[in-house]
Amino acid sequence: MSWGYKANNGPQKWVENFPIADGVRQSPIDIVPGQASYDAGLKPLNLKYDPSTCLDILNNGHSVQVTFADDTDSSRLTDGPISGLYRLKQFHFHWGASDDKGSEHTVAGTKYPAELHLVHWNTKYASFSEAASKPDGLAVVGVFLKIGGENPNLQKLLKAFDTIKSKGKQTSFANFDPSTLLPGCLDYWTYDGSLTTPPLYESVTWIVCKEPITASSAQMAKFRTLLFSADGAAPDCMVNNYRPPQPLKGRTVRASFK
Ligand SMILES: NS(=O)(=O)c1ccc(CCCCO)cc1
Ligand SMILES: [Zn+2]
């Protein structure tokens with residue numbers, strides 16, 4: 001049986017096949033703003049995305065993922081807490097079965113209904129796969145979703161959901177600009193962490209935006225129409241695909257803002 005988010009294959013069981021689940025720099029974490037250290041040396045995030053690098057949208061059985069062409073530097077992250085240039089590989093989401101939970105990171109214990117992850121890899125390595133296991137291999141920008149007005153930029157994604165309802169479905173998805181999913185203010189917290197799903201590699205510089213973006217409750221309900229299950233199998237709603245916060249184990253969380 002492969003890993004998932006149920007009682008018999010979920011986050012409490014992952015350590016059986018992925019012992020790093022009990023490692024020293026696991027993610028997500030609870031971010032406590034009062035305990036974060038303001039670092040004046042942190043640069044503003046420099047994100048530049050080229051919509052023409054957007055390739056397709058996929059239900060991978062764990063989340064909905066939009067994948068980008070990463071054979072050039074045209075969609076990339078520089079500055080912020082990182083050195084060098086990291087290319088955008090994909091973005092995906094985590095969400096709950098109801099609007100009171102769903103994010104992976106929490107803020108002073110507060111859960112948001114969902115969390116967007118924009119996954120970038122360090123071009124000092126030859127590929128995403130090579131970078132994914134290196135301590136400075138990945139940089140993931142996390143953006144919280146809160147319930148508010150309908151988000152027109154999210155609507156473009158949601159329209160594709162009917163065609164990728166079940167695990168393994170994918171469809172072409174062109175000219176989407178991920179910067180339309182970023183909040184207006186790019187203040188962030190940053191810390192050294194890991195992938196939040198197996199293989200749980202401790203390879204991620206986390207960059208979590210303080211300001212959420214909005215989604216309507218109806219838009220959140222649309223995420224919950226996706227399935228963990230493949231076509232033909234008993235339908236299993238894709239909800240609660242989030243790992244709970246992990247021990248900080250002495251790590252420092254830095255803030256780019258006062
Ligand atoms: N939730 S996350 O942003 O930490 C994340 C990003 C990317 C992967 C895929 C890793 C594949 C390694 O071969 C898994 C998890
Ligand atoms: Zn994620």
Side-chain angles (χ1 to χ4, degrees), residues 45-78 80 85-95 102-104 112-121 123 127-128 131-132 138-186 188 196-197 204 207-209 211-227 238 241-242:
L45 295 179
N46 185 357
L47 292 152
K48 281 192 172 45
Y49 295 140
D50 172 357
S52 75
T53 59
C54 190
L55 292 175
D56 58 49
I57 187 168
L58 158 75
N59 176 334
N60 60 23
H62 309 295
S63 183
V64 55
Q65 176 178 305
V66 176
T67 305
F68 289 78
D70 60 354
D71 52 322
T72 75
D73 287 344
S74 49
S75 289
R76 80 288 176 292
L77 164 65
T78 55
L85 185 151
Y86 287 58
R87 286 183 189 169
L88 178 67
K89 176 70 188 165
Q90 52 106 326
F91 69 78
H92 63 271
F93 298 81
H94 304 262
W95 61 92
S103 65
E104 299 210 294
Y112 284 89
E115 186 172 335
L116 160 65
H117 289 159
L118 295 138
V119 183
H120 310 78
W121 58 274
T123 54
S127 68
F128 170 80
L138 303 179
V140 182
V141 174
V143 181
F144 295 117
L145 276 67
K146 72 173 183 183
I147 302 302
E150 180 168 292
N151 185 327
N153 303 302
L154 217 41
Q155 209 47 30
K156 288 176 208 160
L157 285 170
L158 302 187
K159 280 193 323 199
F161 285 11
D162 293 338
T163 63
I164 57 160
K165 195 175 168 70
S166 39
K167 177 179 179 180
K169 295 262 185 181
Q170 85 179 53
T171 190
S172 64
F173 194 70
N175 297 313
F176 184 78
D177 180 356
S179 54
T180 63
L181 297 178
L182 296 172
C185 173
L186 292 180
Y188 63 88
T196 66
T197 70
V204 182
I207 299 165
V208 181
C209 293
E211 184 182 312
I213 61 169
T214 64
S216 67
S217 204
Q219 287 182 310
M220 285 315 310
K222 191 70 185 168
F223 278 92
R224 304 183 189 115
T225 66
L226 293 166
L227 300 176
M238 186 179 277
N241 55 350
Y242 65 93

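Bear in mind the structure is a predicted one, so any value in this text is a computation, not a measurement.
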Side chain to side chain contact (heavy atoms under 4.5 Å, CB included) between V64 and N59, intermediate numbers included: CA-CA 5 Å; V64 55; N59 176 334; 5.9 Å; no
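- The two residues C209 and V141 come nearest to each other via the heavy atoms SG-CG1, 4.1 Å.
- In terms of heavy-atom proximity, V143 sits nearest to P183 at CG1-CD, 3.9 Å.
- Screening E104, E115, H117 for a side chain to side chain donor-acceptor pair (under 3.5 Å) involving T196 leaves a single residue, E104.
- Here the side chain of H120 pairs a donor or acceptor atom with the backbone of L118 at under 3.5 angstrom.
- A donor-acceptor contact closer than 3.5 angstrom is absent between the side chains of T214 and N151.
- For the side-chain contact (heavy atoms from CB on, under 4.5 Å) with K169, the qualifying choice from N60, I164, I57 is I164, the only one to do so.
- The pair D162-K222 meets the salt-bridge criterion, with a side-chain N (NZ, NE, NH1 or NH2) lying under 4.0 Å from an Asp/Glu carboxylate O.
- In summary, the side chains of Q219 and Q155 do present a donor paired with an acceptor at a separation below 3.5 Å, with no hydrogens or angles considered.
- Closest of all the heavy-atom pairs between V119 and F128 is CG1-CE1, 3.8 Å.
- A donor-acceptor pair under 3.5 Å is formed between the side chain of K165 and the backbone N or O of T225.
- With respect to the salt-bridge test (charged N to carboxylate O, under 4.0 angstrom), the residues R87 and D70 do not qualify.
- Side-chain contact between L138 and K89: absent, with no pair of heavy atoms (C-beta onward) separated by less than 4.5 Å.
- At least one donor-acceptor pair under 3.5 Å links the side chain of S63 to the backbone N or O of F93.
- Between the side chain of T78 and the backbone N or O of L85, no donor-acceptor pair lies under 3.5 Å.
- Checking side-chain atoms of H94 against main-chain N and O of N241 turns up a donor-acceptor pair under 3.5 Å.
- Taking the side chain as every heavy atom from C-beta outward, N46 and R76 approach each other to under 4.5 Å.
- Side-chain atoms of L158 and F223, non-hydrogen and from C-beta on, do get closer than 4.5 Å to each other.
- For the pair F144 and V208, the minimum side-chain heavy-atom distance is below 4.5 Å.
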Criterion side-chain hydrogen bond (donor to acceptor under 3.5 Å, both in side chains) on S74 and T53, from CA distance to verdict: CA-CA 8 Å; S74 49; T53 59; 5.1 Å; no
